[in-house]
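Comments concern the structure below.
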Amino acid sequence: MASNERTRGLDKSTGDTLNALDAILAEMPVRTLRPDEFTLEQYAERRLAMGDPRTHHGHRGVLDRMCKAGKLKQRKIVVNGRECNAYSLP
């Protein structure tokens, strides 16, 4: 791990643990938005531009109902360090 190399105050076992955690994190897949997916924020902005006066909460309800009805599917992704839902057609 680059951040703990030659750092005072860390014993060998702590450094080894941090190195192992970094290795695991490096192998984890990055969950990003695919080209055929959209987020709630993107959906709300598009609907607002079309003249839909619903609130953010109202748009989330619409998307949740569509997911329950099988018209959309959702998965968790990370956008700007924050976890959110990505929606797409099934």
Side-chain angles (χ1 to χ4, degrees):
M1 178 174 148
S3 63
N4 76 337
E5 290 177 4
R6 295 180 296 278
T7 303
R8 293 182 184 186
L10 289 179
D11 59 357
K12 182 170 176 17
S13 65
T14 303
D16 291 343
T17 301
L18 291 174
N19 288 335
L21 289 172
D22 280 343
I24 291 171
L25 288 173
E27 292 180 13
M28 291 179 68
V30 177
R31 299 178 293 173
T32 58
L33 197 60
R34 297 177 188 150
D36 65 331
E37 294 177 324
F38 60 92
T39 63
L40 172 61
E41 288 76 22
Q42 293 169 334
Y43 177 77
E45 287 174 12
R46 177 80 184 250
R47 295 296 298 182
L48 183 61
M50 295 171 63
D52 190 346
R54 289 187 191 134
T55 62
H56 186 80
H57 183 72
H59 289 299
R60 185 174 58 223
V62 170
L63 293 175
D64 287 344
R65 285 190 296 277
M66 290 177 74
C67 288
K68 286 179 184 176
K71 296 178 182 177
L72 287 177
K73 62 180 181 177
Q74 71 180 16
R75 69 182 184 99
K76 297 287 184 188
I77 63 166
V78 177
V79 176
N80 296 329
R82 189 178 63 114
E83 189 173 82
C84 65
N85 291 328
Y87 300 91
S88 64
L89 294 173

Quiz prompt | Check: L63 and L72 side chains under 4.5 Å, non-hydrogen atoms | solution = yes
Quiz item: Honestly curious: do I77 and L89 fall in one hydrophobic cluster under the side-chain, below-4.5 Å linking rule?
Solution: no
Quiz item: Among K73, R34, R75, Q74, whose side chain to side chain contact (heavy atoms under 4.5 Å, CB included) with S88 holds?
Solution: K73
Quiz item: Do the side chains of Y87 and D64 get nearer than 4.5 Å, heavy atoms only?
Solution: yes
Quiz item: Which atoms form the tightest heavy-atom contact between G70 and P90, and what is the distance?
Solution: O-CG, 3.4 Å
Quiz item: What pairs with R60 under salt bridge (Lys or Arg N to Asp or Glu O under 4.0 Å), at least two apart in sequence or on another chain?
Solution: none
Self-check item: Charged N-O contact under 4.0 Å between D16 and K12
Solution: yes
Could you pull out all donor-acceptor pairs under 3.5 Å where a side-chain atom in residues 39-50 meets a protein atom, sequence neighbours excluded?
from	atom 1	to	atom 2	distance (Å)
T39	OG1	Q42	N	3.3
Q42	OE1	T39	N	2.9
R47	NE	D52	OD2	3.2
R47	NH2	D52	OD2	3.2

